[in-house]
Novice: 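One structure, pasted below without further comment.
Below, all heavy atoms of this structure are taken into account, side chains as well, without hydrogens, waters or symmetry copies.
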Amino acid sequence: MKAFTFERARTLAEAANAARKPGAKFIAGGTNLLDLMKLEIESPQHLIDVNGLGLDKIELLPDGRLRVGALVRNTDLASDSRVRRDYGVLSRALLAGASMQLRNKATTAGNLLQRTRCPYFYDTNMPCNKRHPGSGCSAIGGFSRQHAVVGASSACIATHPSDMAIAMRVLDAQVETARADGSVRTIPIADFHRLPGNTPHIETALEPGELITAVTLPKPVAGTHIYRKVRDRSSYAFALISVAAIIEPNGAGRVALGGVAHKPWRVEAAEQAMGSGARAVADKLLAGARTTEDNAFKLVLVHRTLHAVMADAKKG
């Protein structure tokens with residue numbers, strides 16, 4: 001690990017001012033960033049601890065929305081009575097992620113910002129456009145069982161690892177931020193994560209020095225909330241594919257996929273086919289899919305998992 005300086009920010013203004021320093025990066029739970037620093041994939045020159053900013057509250061807003069502070073720990077969010085009652089898909093997605101120890105430390109903002117677990121990204125001896133833009137993608141032509149089947153590019157076929165982000169996408173959450181100049185903005189979750197294109201190292205819509213302050217959930221979404229994660233072992237494993245769904249009694253609903261793309265994957269046009277069955281929905285979700293010999297099974301797995309999810313929803 002390379003040497004770095006460290007400070008604790010007590011206010012948003014202090015955090016914004018510190019973010020102007022060269023090579024500055026925010027840290028909260030650190031469950032992903034510290035691992036990347038140890039491997040010298042991330043080498044920030046200055047760390048800004050934001051745990052003292054008071055962004056750890058879950059608040060019901062007057063209009064019925066739920067505002068989740070950026071520093072709310074994953075365990076606390078999953079166990080909150082309002083989340084369990086009104087946003088079951090989110091609670092289930094959180095509990096499907098990582099381990100209890102990590103969930104106790106990981107934050108809402110950090111979960112959204114975690115980086116891919118592509119093995120070539122983690123192997124600094126291999127070319128990777130995420131680590132070194134223009135160096136190439138070792139996963140293309142390499143072992144690609146875990147990799148993307150939709151939304152990928154010739155520069156990157158990595159997938160986004162977050163379970164929580166998939167649920168946030170199906171809920172149409174909003175990401176609130178504070179810029180380094182002190183201004184604030186709200187980013188729809190649909191626009192927050194980026195597809196790789198020719199710049200896979202730019203993973204989100206955040207500007208340099210911009211800090212996530214909260215994630216706002218919409219008013220409770222009616223229907224059966226389901227999160228189904230298919231993985232190689234029953235715990236502490238990333239999704240081969242996952243399905244987040246909210247399905248109404250009449251069969252209409254929403255669905256988002258994890259484990260298939262560089263970002264949470266939702267195609268609203270596919271939801272118009274909910275009444276035609278799982279295959280019709282899956283075909284629209286996976287339109288234009290490009291697979292490898294290693295990951296072609298994901299297409300079948302999406303069809304089967306979505307069918308199971310829709311069947312479970314009918315049971316109530």
Novice: Show, in sequence, the C-alpha distance, side-chain angles and deciding distance for Phe192 and Leu206, and conclude whether the side chain to side chain contact (heavy atoms under 4.5 Å, CB included) test is met.
Specialist: CA-CA 8 Å; Phe192 184 77; Leu206 292 179; 3.8 Å; yes
Novice: Does the side chain of Leu306 come within less than 4.5 Å of Arg228's, by heavy atoms?
Specialist: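 With C-beta onward as the side chain, the pair stays apart.
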Novice: Are any of the side-chain nitrogens in Lys130 or Glu42 under 4.0 Å away from the carboxylate oxygens of its partner?
Specialist: no
Novice: Can you list everything that forms a side chain to side chain donor-acceptor pair (under 3.5 Å) with Tyr120? Sequence neighbours excluded, please.
Specialist: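 With sequence neighbours excluded, Tyr120 shows a side chain to side chain donor-acceptor pair (under 3.5 Å) to no residue whatsoever.
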Novice: Going by heavy atoms in the side chains, are Thr159 and His262 under 4.5 Å from each other?
Specialist: no
Novice: Below 4.5 Å, heavy atoms only, C-beta onward: do Cys118 and Gln146 meet side chain to side chain?
Specialist: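 No - every pair of side-chain heavy atoms lies 4.5 Å or more apart.
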Novice: Under a 4.5 Å side-chain heavy-atom rule over Ile, Leu, Val, Met, Phe, Trp and Tyr, are Val230 and Val300 clustered together?
Specialist: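 Result: no, two separate clusters.
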Novice: Would you indicate whether the side-chain heavy atoms of Ser144 and Ile157 approach each other to under 4.5 Å?
Specialist: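 With C-beta onward as the side chain, the pair touches.
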Novice: How close do Leu55 and Ile212 get, counting heavy atoms only, and between which atoms?
Specialist: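 Smallest interatomic distance, heavy atoms only, reads CD1-O, 4.3 Å.
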Novice: For Glu176 and Thr216, which I'm curious about, is there any donor-acceptor pair between the side chains at under 3.5 Å?
Specialist: yes
Novice: Indicate yes or no for a side-chain donor-acceptor contact from Asn129 to the backbone of Ser135 under 3.5 Å, with no hydrogens or angles considered.
Specialist: yes
Novice: Look at atom CZ of Arg82 and say whether more than 12 heavy atoms of other residues, nucleotides or ligands are closer to it than 6.0 Å.
Specialist: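 Yes, because the 6.0 Å sphere around CZ of Arg82 holds more than 12 heavy atoms from other groups.
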Novice: Measure the shortest side-chain to side-chain distance between Leu66 and Ile58 over non-hydrogen atoms and say whether it is less than 4.5 angstrom.
Specialist: yes
Novice: Within the side chain of Lys229, is there an N or O that forms a donor-acceptor pair under 3.5 Å with the backbone of Ala96?
Specialist: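 Looks like yes, one N/O pair under 3.5 Å.
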Novice: Between CD1 of Ile202 and CG of Leu195, what distance do you get to the nearest 0.5 Å?
Specialist: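 So the CD1 of Ile202 and the CG of Leu195 are separated by 13.0 Å.
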Novice: Tell me whether Ile166 is reachable from Val267 by hopping between hydrophobic residues (I, L, V, M, F, W, Y) whose side-chain heavy atoms are closer than 4.5 Å.
Specialist: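 Each belongs to a different hydrophobic cluster.
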Novice: From Lys219 NZ over to Asp86 CG, what is the distance, rounded to the nearest 0.5 angstrom?
Specialist: 13.0 Å
Novice: Kindly give the cluster partners of Leu33, where membership spreads through any ILVMFWY side chain lying under 4.5 Å from a current member.
Specialist: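 Its cluster partners, ordered by chain and number, are Met1, Phe4, Phe6, Ile27, Leu34, Met37, Leu47.
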Novice: Look only at the side chain of Thr213 and the backbone of Ala178, and say whether a donor-acceptor pair between them is shorter than 3.5 Å.
Specialist: no
Novice: Report yes or no: do Val221 and Val68 belong to one cluster of Ile/Leu/Val/Met/Phe/Trp/Tyr joined by side chain heavy-atom distances under 4.5 Å?
Specialist: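 Yes.
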Novice: Within the supplied structure, the quantity of interest is the number of heavy atoms (other residues, nucleotides, ligands) at a distance under 6.0 Å from Arg279 CZ; does it exceed 12?
Specialist: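 Count not over threshold, so no.
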Novice: If you draw a 6.0 Å radius around CZ in Arg10, do more than 12 non-hydrogen atoms from other residues or ligands fall strictly inside?
Specialist: no
Novice: What verdict does the side chain to side chain contact (heavy atoms under 4.5 Å, CB included) test give for His132 and Thr124, after you've listed the backbone C-alpha separation in whole Å, the side-chain angles of each residue and the deciding distance to 0.1 Å?
Specialist: CA-CA 10 Å; His132 299 292; Thr124 55; over 6 Å; no
Novice: Give the minimum heavy-atom separation between Ala273 and Ala280, together with the two atoms involved.
Specialist: CB-CB, 4.1 Å
Novice: Treating Lys263 as the side-chain partner and Ala190 as the backbone partner, does any N or O pair qualify as donor plus acceptor under 3.5 Å?
Specialist: yes
Novice: Taking Lys298 as the fixed residue, which of Leu286, Thr305, Ile241 is the one that meets the side chain to side chain contact (heavy atoms under 4.5 Å, CB included) rule?
Specialist: Ile241
Novice: Would Phe238 and Leu94 show up in the same hydrophobic cluster when neighbours are defined by side-chain heavy atoms closer than 4.5 Å?
Specialist: no
Novice: Using distance only, find each side-chain donor-acceptor pair of residues 251-260 under 3.5 Å and give its atom names and separation, not counting sequence neighbours.
Specialist:
unit_1 : atom_1 : unit_2 : atom_2 : d
Arg254 : NH1    : Val170 : O      : 3.0

Novice: Hey, does His160 have a side-chain heavy atom less than 4.5 Å from the side chain of His193?
Specialist: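 A side-chain contact exists here, since the closest heavy-atom pair is under 4.5 Å.
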Novice: Could you state the interatomic distance from CD1 (Ile246) to CD1 (Ile226), rounded to the nearest 0.5 Å?
Specialist: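 Going from CD1 on Ile246 over to CD1 on Ile226, the span is 10.5 Å.
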Novice: How long is the gap from NE2 on His147 to CG on Asn295, to the nearest 0.5 Å?
Specialist: 8.5 Å
Novice: With Asn111, which of Arg73, Met164, Met168 fulfils side chain to side chain contact (heavy atoms under 4.5 Å, CB included)?
Specialist: Met164
Novice: Write down the atom of Ala148, the atom of Ala152, and the distance for their closest heavy-atom approach.
Specialist: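 Minimum heavy-atom separation between Ala148 and Ala152: CB-CB, 4.1 Å.
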Novice: Does Asp232 come within less than 4.0 Å of Arg145, counting only side-chain N to carboxylate O?
Specialist: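 Result for this pair is yes, salt bridge flagged.
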Novice: Could you tell me whether Arg115 and Asp35 make a salt bridge, using a distance below 4.0 angstrom between a side-chain N and a carboxylate O?
Specialist: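 Between Asp35 and Arg115 there is no salt bridge, as every charged N stays at least 4.0 Å from the carboxylate O atoms.
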Novice: So Arg290 and Val149, side chain to side chain contact (heavy atoms under 4.5 Å, CB included) or not? Walk me through it.
Specialist: CA-CA 5 Å; Arg290 291 186 294 176; Val149 295; over 6 Å; no
Novice: Check whether any side-chain heavy atom of Glu14 sits under 4.5 Å from a side-chain heavy atom of Ile48, and report yes or no.
Specialist: no
Novice: Kindly work out whether a path of hydrophobic side-chain contacts (I/L/V/M/F/W/Y, heavy atoms less than 4.5 Å apart) joins Val89 to Val243.
Specialist: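 No, no single cluster joins them.
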Novice: Side chains of Asp294 and Thr292: do they bring a donor and an acceptor to under 3.5 Å?
Specialist: no
Novice: So, taking the atom named CZ in Arg131 and the one named OH in Tyr122, what distance separates them when rounded to the nearest 0.5 Å?
Specialist: 11.0 Å
Novice: Please determine whether the number of non-hydrogen atoms from other residues, nucleotides or ligands lying under 6.0 Å from atom NE2 of His46 exceeds 12.
Specialist: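 Yes, the 6.0 Å shell around NE2 holds more than 12 heavy atoms from other groups.
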Novice: What are the two closest non-hydrogen atoms of Tyr236 and Arg231, and how far apart are they?
Specialist: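 Heavy atoms of Tyr236 and Arg231 come nearest at N-NH1, 4.0 Å.
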Novice: How close do Leu112 and Ile189 get, heavy atom to heavy atom, and via which atoms?
Specialist: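 Closest approach of Leu112 to Ile189: CD2-CD1, 4.0 Å.
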Novice: How far apart are the C-alpha atoms of Ile187 and Thr204, what are their side-chain angles, what is the distance that settles it, and do they pass the side chain to side chain contact (heavy atoms under 4.5 Å, CB included) test?
Specialist: CA-CA 10 Å; Ile187 307 169; Thr204 72; over 6 Å; no
Novice: Is it the case that atom CZ in Arg8 sees more than 12 heavy atoms from other parts of the structure closer than 6.0 Å?
Specialist: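 Not more than 12 within 6.0 Å, no.
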Novice: Would you give the length of the straight line joining atom CG of Asp76 to atom CG of Asn104, rounded to the nearest 0.5 angstrom?
Specialist: 8.0 Å
Novice: What I want to find out is whether Arg194 reaches Asp191 closely enough, with some N-O distance under 4.0 Å, to be called a salt bridge.
Specialist: no
Novice: Would you say Arg179 and Arg185 make side-chain contact, with heavy atoms under 4.5 Å?
Specialist: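 SC-SC contact between Arg179 and Arg185 confirmed.
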Novice: Which atom names give the shortest non-hydrogen contact between Thr107 and Ala70, and what distance separates them?
Specialist: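 Heavy atoms only, the tightest pair is CB-O, 3.4 Å.
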